[in-house]
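Let me begin by presenting the structure, written as structure tokens, before commenting on it.
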Amino acid sequence: MAEKVLRVIGLKKTYSKDFTLAVDDLSAEKGKVLTILGANGCGKSTLLRLINLLEKPDAGNIYIGKDQILDGKSNKAGIRKKMAMVFQDTLLFRGSVRSNIMMGLKLRGIRDAKEKVDYCLNKLDLYPLIDRNAEKLSGGERQRVSLARALVLDPELLLLDEPLSNIDEGSCEKIREGLFEILKDTGKTVLYVTHDRSEAFALSDNIAIMDKGRIIQSAEKKEILNRPKNEFIAKFLGAETLVTGVVVSNRENICSIKIEPDGKIVYLTATSSKTAGTEVALAIRPEDVVLYCPGARPRKTSAMNMVEGKITQINDIGMYGKIVIDCGFYLSSYVTKDSISRLKLCRGKKIGASIKATSIHVF
């Protein structure tokens, strides 16, 4: 059984009649990155502040290793030394980058840390800035210094509160890459908070989805992505096609599901343990939909669903185009700009779409 560096049990904090944070059970395994993913205002940062002893909960228990934080007997100063936190808004002292990075080490009386300091400076590309005044740094540079200052402490638990949210896209990607390398190289146990799905799936081992102060699903990221617990989570994770139907048959967990949008009957095949007669909701992410020209179905495919319809929308979303097809229900697909040109996609054109049974999420 994996060792738990952090465990939160029955934690509760009421802020107003409209918002109460209530986390029944949440744990972070040693050497893993656990990301709390949710929309702004759902309670992610609040949870981090409670764990870091910056606020006091109304009820519940928090364990860092075997130490219980809230029993009234523990050495809170000693427990806090096992953690390091990086905030969304950078908090740097006056002075050089070097003095900021070394500050935490000095306060904790840590002297022999040159190897760790050099490693972080290198991975976060801070050597060119080492003697610069911290007050003259850009937002991305300031956040790199904050990350280095926390990492050199070699904490048992690293708490990261949306550390990349206030940084421009170019700097964000660079910092993310450096941070990813450090976390994987060092095997650090991390509780990471973000509202960014791509950031969460790039950095995490496990993900906990949070909404309205509660954890509504917590699992390995592959489990979260492939088996979202409900429609809210599926939609939050990018499922743009949501339809309802009825299970017609189930053979060895391969279901035939009838949907009747606007009176047109469409059958889809999906993997599920739902029995015949069960009303279900289906969610499909656009990246799981592959387009083809009618009459030229892909030969090498394991997709069990082939539908056809007319294109109603083509939207530019940066590197990709978003294609919306009316095939009895509205189905979204992301395709490359090259594919749009090659397939000669345009509004009103008839197009086919294939979807694997395992890519249709059933609730």
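- A cation-pi contact, defined as under 6.0 Å to the ring centre and within 45° of the axis, links K13 to Y15.
- Pairs engaging residues 235-255 under the salt bridge (Lys or Arg N to Asp or Glu O under 4.0 Å) rule: E240-K322 [sequence neighbours left out].
- For the atom pair CD1 (I340) and CD1 (I323), the distance works out to 4.5 Å, reported to the nearest 0.5 Å.
- Note that the CE atom of M85 and the CG atom of L191 stand 9.0 Å from one another [nearest 0.5 Å].
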Might you work through the salt bridge (charged side-chain N to carboxylate O under 4.0 Å, His left out) test for E287 and R285, ending with a clear yes or no? CA-CA 6 Å; E287 60 267 31; R285 291 194 301 271; 3.2 Å; yes

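- Other residues, nucleotides and ligands contribute over 12 non-hydrogen atoms within 6.0 Å of the NZ atom of K337.
- The residues K184 and D205 are annotated as salt-bridged, a charged nitrogen and a carboxylate oxygen being separated by less than 4.0 angstrom.
- With sequence neighbours excluded, the residues that form a side chain to side chain donor-acceptor pair (under 3.5 Å) with T14 are T20.
- Of the inter-residue distances, the one linking D288 atom CG with S333 atom OG reads 9.5 Å to the nearest 0.5 angstrom.
- Once rounded to the nearest 0.5 Å, the distance linking OG1 of T312 with CG of D326 reads 6.5 Å.
- In K82, the NZ atom is crowded: over 12 heavy atoms of neighbouring residues, nucleotides or ligands sit closer than 6.0 Å.
- With a 4.5 Å cut-off on side-chain heavy atoms, I360 and I257 do not count as touching.
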Assess whether side chain to side chain contact (heavy atoms under 4.5 Å, CB included) is satisfied between M102 and L105, documenting all intermediate values. CA-CA 5 Å; M102 301 301 291; L105 294 169; 3.9 Å; yes

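- Here D118 pairs with K114, Y127 under the side chain to side chain donor-acceptor pair (under 3.5 Å) rule; sequence neighbours left out.
- Side-chain contact, Q313 with Y330: no donor N or O sits under 3.5 Å from an acceptor N or O.
- The hydrophobic cluster around I209 extends to L37, F201, I207, I216, I224, L225, F232, I233, F236, L237, counting ILVMFWY residues whose side-chain heavy atoms fall within less than 4.5 Å of a member.
- Put simply, CG on L160 and CD1 on I36 are 12.0 Å apart, with the number rounded to the nearest 0.5 Å.
- When hydrophobic side chains of Ile, Leu, Val, Met, Phe, Trp and Tyr are connected at separations under 4.5 Å, F363 ends up as a singleton with no cluster partners.
- There is a side-chain donor-acceptor pair under 3.5 Å between D161 and S45.
- Between atom CZ of residue R149 and atom CG of residue L91 there is a gap of 7.0 Å, rounded to the nearest 0.5 Å.
- When hydrophobic side chains of Ile, Leu, Val, Met, Phe, Trp and Tyr are connected at separations under 4.5 Å, I265 ends up clustered with V248, Y267.
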